[in-house]
Amino acid sequence: MIKLRRYLAYYKKECIIGPLCKLFEAILELLVPLVMAGIIDNGVRNGDTAYIWRMGGMLVILATVGLCSALVCQYLASKASQGVGTRLRRDLFLHINKLSHAELDKLGTPSLITRITYDTNQVQQSVAMAIRLLTRAPFIVIGSMVMAMTINLEMSIIFFIAAILIAVTLYLIMTKSIPIFEKMQKKLDKISLICRENLSGNRVIRAFSKQKNEKKRIDDSTEDLAKTSIRVSILSALLSPVTYIITNAAIILIIWFGAQNVNAGNGMLSGDIIALVNYMTQILLAMIVVANLVVLLTKASASAARLNEVFETQPSVCESTTENIEISESESTPKIEFDNVNFTYGTGDDELEDISFKIRRGQTVGLIGGTGCGKSTLVNLIPRFYDATQGTVSVDGRNVKDYPFLQLRSQIGIVPQQSILFKGTIRDNMKWQNENATDEDIIKALKIAQAYEFVSKLNKGLDSFVEQGGKNFSGGQRQRLCIARALTGSPKLLILDDSFSALDFATDAALRKALRENTKDMTVIIVTQRCSTIKNADLILVLDDGRIVGKGQHDELFESCETYREICLSQLSEEEAKR
Ligand SMILES: Nc1ncnc2c1ncn2[C@@H]1O[C@H](COP(=O)(O)OP(=O)(O)OP(=O)(O)O)[C@@H](O)[C@H]1O
């Protein structure tokens, strides 16, 4: 929480004037029992109606001024808390966007969503409540005790004992509940993860008739959260009865000893007893507010710790410069070079081992291998989604680590394995890499990607609406639109990561032909499991269990590389493979 206080610096005025207004309201509130005592002891006892009216008027004035003061505080508290929440959310979002894939994998999407929404809200609410109540409640408690002392020093001992007992109760309950609140937040993350998986994988769940399993999963998690919430609620629920018992016992003592003092005639009046009872009630109400405030601040401090964890996470893949660097475009410099590259996700064995190869400018390269052998991992090292743990990856003769992100990534068109489109129009999506792309550029890219035929049949053509994730298009249509999006940017290097998997063989062939004819200067890397897709590539890299086991063209690999031969023969007859 302390680390997030920098956000309060933007709202210094609100953080100072707000609590001052509340303090002023508290002072007025503390005067009310004195006025009441005056009405009883002077007005009622002496039958002085004019005095009662005057003091009644005074009570109305106190209430009105107090209300205005509270309203000003409320306004300032809302302004500061909303402002802090907005800035916090924005900074968090910006910071998350700076993190590399390794950190995003570690923190996890559901947890990050809970942090941006729930945790930020907790902190935001705590700012509002702190401005409104953090100074007021303790002030009322201390003020009431001081006022009690001015009325009767001996009787004020009851106040001290009651206040200490309530404070100890609060402390004990809070120290027990804070760790439980932290656990609750983690359980909320888990529920968020299950909901996310369930909603995004809904079709698969229905297809496999797994609704019961999913229901059980969510039931178990929500039950687990409910049990923890109940534990903490029982603890918090103890707070009110205990404080009520202490305060009411104190009130009985005040009335008991007060009545004895009044009867003994040692200067104490019945109005004083009413004032003392009034102050004790104010202490009770203030303590209840403190208790609620402590619960809120406890939750907020657990949330703040989770937000700080994100802010303290630094990206492992960083830019060494933001200035464009000199690159070599000579024929002799390979477009891509991997030199003894090893890579691990940090959780175990190397996913890539001793990878070395060179790709010349303009070459079409096929990367083939069984599932999970590391193909996507390998191409992810080129745009620096991850950094090699050993060895170097170079583009145009320069280590990718020397590049500013923009210079490196703007020359690469990536079509990821999962075809992701964004809400908007087809035109909006096509302009992701090149904002200035004209309709002609877009149509050319759509034609190469074999997507123009279906786009031109849509009523609104390029202005057709794309729903979230592109769900109003089929898997194959989405893949072709993603390929067109990458091509619209006229990248120097095109990486197609299993991007033809949802295409039929005829479209796959037509697309490859169009790519060959229209992208002569482009270096293209095609990651695939289909050997027919890369049969004609200038260079084929065969990957097996994170190692390159074959390098060359189709014919030579078919003869010399056992793994490649096996892959080909699992998909084609020997004749087809040799054709
Ligand atoms: N984000 C990640 N964190 C940890 N391990 C990962 C991560 N992504 C992939 N892996 C692991 O790295 C290995 C290689 O995965 P990769 O996705 O590169 O394989 P692939 O050859 O592209 O597979 P496919 O053809 O099925 O897409 C796998 O064992 C996988 O479990």
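Note that ligands are numbered from 1 as they come in the structure, with each ligand's atoms numbered from 1 the same way.
- At a heavy-atom distance under 4.0 Å, no atom of His101 approaches ligand 1.
- Of the options Gly546, Gly372, Gly369, the smallest heavy-atom separation from atom 24 (P) of ligand 1 is shown by Gly372.
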- What's the verdict on side-chain hydrogen bond (donor to acceptor under 3.5 Å, both in side chains) for Asp91 and Tyr7, showing C-alpha distance, side-chain angles and the deciding distance? CA-CA 10 Å; Asp91 287 0; Tyr7 286 95; 2.7 Å; yes
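- Checking only distances, Asp105 does come within under 3.5 Å of ligand 1, N or O to N or O.
- Tyr345 and Phe343 have their aromatic ring centers within a separation under 6.0 angstrom.
- A side-chain donor-acceptor contact under 3.5 Å links Ser330 and Ser332.
- Close approach to Tyr386 involves these atoms of ligand 1, each under 4.0 Å from a residue heavy atom: 1 (N).
- Side-chain contact, Asn198 with Glu214: a donor N or O sits under 3.5 Å from an acceptor N or O.
- Under the 4.0 Å criterion applied to side-chain N and carboxylate O atoms, Arg398 and Glu326 are not assigned as salt-bridge partners.
- Residue Gln417 approaches ligand 1 through these ligand atoms, each under 4.0 Å from one of its heavy atoms: 24 (P), 27 (O).
- In this comparison of Thr377, Asp545, Asp349, the heavy atom closest to atom 16 (P) of ligand 1 sits on Thr377.
- Look at Phe343 and you'll find every heavy atom at least 4.0 Å from all atoms of ligand 1.
- For the residue pair Asn380 and Thr377, no side-chain donor N or O sits within less than 3.5 Å of a side-chain acceptor on the partner.
- Contact annotation: for Glu351 versus ligand 1, heavy atoms closer than 4.0 Å belong to the side chain alone.
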